[in-house]
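We count residues from 1, following the sequence as given. Please read all numbers here as calculations on a predicted model, not as lab measurements. Worth knowing before you read on, the calculation uses all heavy atoms, side chains too, and leaves out hydrogens, waters and symmetry mates.
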Amino acid sequence: MRILLIEDDTELAGIVAGRLEKEGYRIDICSDGRSALHYALNPDYAYDLFILDRMLPGLDGLSVCRQIRERNISSPVLMVTAMSEIDDRVDGLDCGADDYLTKPFAVKELLARVRALLRRQGAAAGSSLISFSDLNFFPGTRELSCGSASLTLSGRESSLLCAFLSRPLEAMSREQLIFSVWGTDADVEPGNVDNYVSFLRRRLRELNSRVSIKTIYGSGFLLTDK
């Protein structure tokens, strides 16, 4: 799971990010609202959850949250703030946040809320379906089917397929795929991308699908059914 942590308190951000990484999450950190929007609205990153401070320099958290929702990004938003009045919480929830945590908070509670939001999101995703050509894919369960044949992808294969399905018939560079699948700070060699593309091609052949991943010289890879 990939999380964007938007917090201008660098000490707190470091503590929270460290605990989240120990739990196995991939974390990117922003310290102001405009940088947060740059990351949040970029489809190459595709975050599973946002942890959003309400009081931010440049652009406040409410405005960031509204713009995320206006772009139809449905990933859960956990808003954190020192503003604890009922009206403050209502404002946060009304602008599109899914949960609201008041500072100071125990990191243990934040982790519990993150798990709850991601479980809820996963349950919703499990009932969703992404289709392309003769393929049907359920991201929540990682089940990929073609006609009556089906198989379950690994987590990395699933993330890679989702990246391709977000831009079918469009060439994606190795750098774009690294950002989308491994994260902005991942130390991943381009050869690793090629390896996982090879794994995914094998899966498509196992299903006897007419969908294929073509190598585009100088550009990267392209998901197509031609």
Side-chain angles (χ1 to χ4, degrees), residues 1-9 12-13 15-130 138-142 155 158-159 162 166 180 183-184:
M1 292 290 182
R2 189 172 183 182
I3 296 173
L4 180 61
L5 172 60
I6 309 159
E7 172 59 66
D8 63 335
D9 183 332
L12 176 61
I15 293 170
V16 171
R19 289 291 300 276
L20 288 166
E21 287 171 346
K22 286 183 179 178
E23 296 291 320
Y25 302 109
R26 300 200 309 271
I27 310 298
D28 293 327
I29 303 175
C30 292
S31 59
D32 67 89
R34 298 200 181 279
S35 296
L37 280 179
H38 170 74
Y39 281 90
L41 302 183
N42 190 326
D44 289 339
Y45 300 143
Y47 291 102
D48 297 289
L49 182 138
F50 302 97
I51 300 175
L52 174 61
D53 186 21
R54 177 166 174 170
M55 304 299 292
L56 293 168
L59 193 68
D60 67 88
L62 293 180
S63 299
V64 171
C65 191
R66 287 193 190 97
Q67 292 194 47
I68 288 173
R69 295 309 186 216
E70 286 170 2
R71 291 288 292 271
N72 296 318
I73 296 172
S74 60
S75 300
V77 174
L78 172 58
M79 187 168 286
V80 294
T81 181
M83 303 171 68
S84 59
E85 297 296 325
I86 292 296
D87 287 346
D88 298 324
R89 299 187 184 195
V90 170
D91 289 342
L93 296 171
D94 281 348
C95 80
D98 297 271
D99 199 358
Y100 197 99
L101 184 60
T102 303
K103 295 180 180 179
F105 55 82
V107 177
K108 185 176 181 180
E109 180 181 2
L110 181 139
L111 292 173
R113 296 194 183 212
V114 165
R115 290 193 295 268
L117 288 171
L118 289 174
R119 279 197 304 270
R120 191 185 311 164
Q121 182 77 355
S127 62
S128 65
L129 171 67
I130 303 174
F138 290 89
T141 60
R142 304 202 303 266
S158 177
S159 297
C162 281
S166 70
S180 181
T184 54

Distance-minimising heavy-atom pair for [X] and [Y]:
{"X": "Cys65", "Y": "Gly96", "answer": "SG-C, 3.6 Å"}
{"X": "Leu41", "Y": "Ile68", "answer": "CD2-CA, 4.2 Å"}
{"X": "Ala36", "Y": "Val64", "answer": "CB-CG1, 4.4 Å"}
{"X": "Asp8", "Y": "Ser31", "answer": "CB-O, 3.3 Å"}
{"X": "Ser158", "Y": "Arg142", "answer": "CB-CD, 3.5 Å"}

Where the side chain of [X] meets the backbone of [Y], is there a donor-acceptor pair that is under 3.5 Å apart?
{"X": "Asp32", "Y": "Pro57", "answer": "no"}
{"X": "Asp60", "Y": "Ser63", "answer": "yes"}
{"X": "Arg69", "Y": "Ile73", "answer": "yes"}

Query raised in the report: Do you know which of Leu5, Val16, Leu4, Ile51 makes side-chain contact (heavy atoms from CB on, under 4.5 Å) with Ile27?
Result: Leu5

NZ/NE/NH1/NH2 to OD/OE distance under 4.0 Å, [X] and [Y]:
{"X": "Glu7", "Y": "Arg54", "answer": "no"}
{"X": "Arg113", "Y": "Glu109", "answer": "yes"}
{"X": "Lys103", "Y": "Asp9", "answer": "no"}
{"X": "Asp99", "Y": "Arg115", "answer": "no"}

Query raised in the report: To the nearest 0.5 Å, what is the distance between OH (Tyr100) and CE (Met79)?
Result: 7.0 Å

Query raised in the report: Out of curiosity, Ser35 OG to Ile6 CD1, how far, rounded to the nearest 0.5 Å?
Result: 10.0 Å

So [Y] and [X], do their side chains get closer than 4.5 Å, heavy atoms only?
{"X": "Ser75", "Y": "Asp48", "value": "no"}
{"X": "Leu78", "Y": "Leu52", "value": "no"}
{"X": "Gln67", "Y": "Leu59", "value": "yes"}
{"X": "Ile3", "Y": "Phe50", "value": "no"}
{"X": "Val80", "Y": "Phe105", "value": "yes"}
{"X": "Thr102", "Y": "Thr81", "value": "no"}
{"X": "Tyr25", "Y": "Leu118", "value": "yes"}

Query raised in the report: Take atom CZ in Arg71; do more than 12 heavy atoms of anything else shown fall under 6.0 Å from it?
Result: no

**Report entry** Working for side chain to side chain contact (heavy atoms under 4.5 Å, CB included), residues Arg34 and Leu56
**Finding:** CA-CA 9 Å; Arg34 298 200 181 279; Leu56 293 168; over 6 Å; no

